[in-house]
Amino acid sequence: MIRSLFELLTFLIFLSTISRVTGLGSVLLIDFEQVTSGSTWENAQRYCKEHFNDLATIYDHAQAKTLYLKKYMAWIGLHRETSTNVWVWTDGKNHGIEWGWRESKDNQSCGAIGYHYYNYRKIYINNCEENLFFACQRNTTGYPFIKEMMTWSQAEEYCNNGNNGLASFATWDMTFFSEQNFPIWIGLHRNGGSWRWSLGLEEDKHWNLNNPSNDATCVTISSVTKELATKNCKTQLPFLCTKDNMVLVKENKSWEEVFEHCRGLRSSSNSNLQFNLLSVKPGDEHTYVMNKVMEADTEEVWVGLRFLGDEWLWVNGADMLYTDMLQCPVSNKHCGALSKNDAGTVEARDCSERKNFLCYSYNP
Ligand SMILES: *[C@@H]1O[C@H](CO)[C@@H](O)[C@H](O)[C@H]1NC(C)=O
Ligand SMILES: *[C@@H]1O[C@H](CO)[C@@H](O)[C@H](O)[C@H]1NC(C)=O
Ligand SMILES: *[C@@H]1O[C@H](CO)[C@@H](O)[C@H](O)[C@H]1NC(C)=O
């Protein structure tokens with residue numbers, strides 16, 4: 001209960017602090033996308049760059065804990081005989097179970113089980129050339145679940161070496177396919193003597209990586225415990241991509257032009273989305289944004305910082321948290337840019353210089 005005016009005022013000040021931090025401090029939204037079909041580290045990186053943003057950068061243990069990473073797909077011993085077009089289990093029987101998977105595409109002839117949110121399990125028919133985890137047929141200790149990814153026929157061959165082949169099910173006994181703690185590629189790898197994130201930034205403070213063997217130079221996060229571990233980069237594993245709401249526009253424009261350009265952007269998939277010049281926070285967020293800056297054609301990129309009246313302001317109204325900007329910038333140097341030659345701050349530049357620029361999208 002709030003008992004006095006003093007307490008009420010303290011409470012209101014507390015509330016406004018929260019909304020300043022969460023509302024105006026940061027406009028950057030970072031999200032993750034787990035790809036359940038596996039790849040080597042290098043191919044995973046290529047895939048993430050093409051479809052999302054990059055392999056994931058995980059800044060600290062707190063962020064790691066918030067990740068939901070348990071979904072996976074595993075091959076089972078179900079496939080379509082190409083000669084007869086009949087669905088069979090690898091033990092040669094059709095166990096008489098109606099799975100509801102028959103309407104698959106021509107090139108999708110192999111069965112996998114999917115473990116998803118809330119323990120939801122389902123049989124899927126996939127392209128046999130995809131790399132998935134797999135389960136071998138039950139022996140006395142259960143269905144061995146293999147935490148490496150292979151194509152369906154490679155998996156079948158692997159399981160046949162232990163004699164029983166891929167797992168076949170006579171009943172809807174899916175309880176075996178439970179939560180698994182498996183490794184997932186993230187963007188950290190060893191480059192020379194140091195550990196670096198996918199786009200080149202050095203990892204120096206958050207993770208304590210030891211590297212017992214020389215061929216284990218790429219890093220995974222485990223799906224349940226969220227621990228980081230090194231592995232041979234050629235191993236096929238699922239991977240985690242990052243996506244965010246930044247847009248780097250590789251056109252050379254003056255600051256006034258880029259201000260208009262960002263606000264004029266529209267999304268083809270979401271007509272509600274609006275755009276503005278990016279504001280940035282010092283620290284980890286600055287470091288994250290620098291990844292994007294390094295992709296630019298120009299040495300520097302414009303962001304939404306402007307010297308107006310007698311102070312530096314973000315044009316979207318975000319709080320100005322950089323403390324080392326000159327309070328009286330040289331005439332003309334009234335616009336803010338991030339430089340590839342980064343000193344951890346925003347540089348004051350002549351607004352008429354032509355540079356690439358960073359916009360961001362938001363739901364108004
Ligand atoms: C499956 O085949 C169709 C055409 O038959 C093709 O368009 C598609 O890309 C193929 N998919 C894969 C994953 O190979
Ligand atoms: C059953 O499979 C597990 C995992 O592959 C293996 O360690 C174990 O030796 C197998 N047991 C028998 C009796 O074959
Ligand atoms: C922008 O400027 C950079 C550096 O001067 C140049 O390399 C690049 O080709 C220019 N881009 C365009 C689209 O003109």
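For ligands, and for the atoms within them, numbers begin at 1 and follow the listed sequence. This chain uses plain numbering: 1 for the first residue, then up along the sequence.
For atom 13 (C) of ligand 3, the closest non-hydrogen atom of the protein is K250 O, 3.9 Å.
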Carefully, step by step, assess T220 and I184 under the rule side-chain contact (heavy atoms from CB on, under 4.5 Å).
CA-CA 5 Å; T220 61; I184 300 169; 5.6 Å; no

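In this structure, of D297, N252, T298, V249, the residue bringing a heavy atom nearest to atom 11 (N) of ligand 3 is N252.
Note that R306 lies in the cation-pi zone of W255, set by a 6.0 Å cut-off to the ring centre and a 45° limit from the axis.
Not a single protein heavy atom sits closer than 4.0 Å to atom 5 (O) of ligand 3. For atom 9 (O) of ligand 3, the protein comes within 4.0 Å by no heavy atom at all.
One finds no salt bridge joining E353 and K333 here, because no Lys/Arg side-chain nitrogen approaches an Asp/Glu carboxylate oxygen to under 4.0 Å. A salt bridge links R354 with E257; the closest basic N to acidic carboxylate O contact falls under 4.0 Å.
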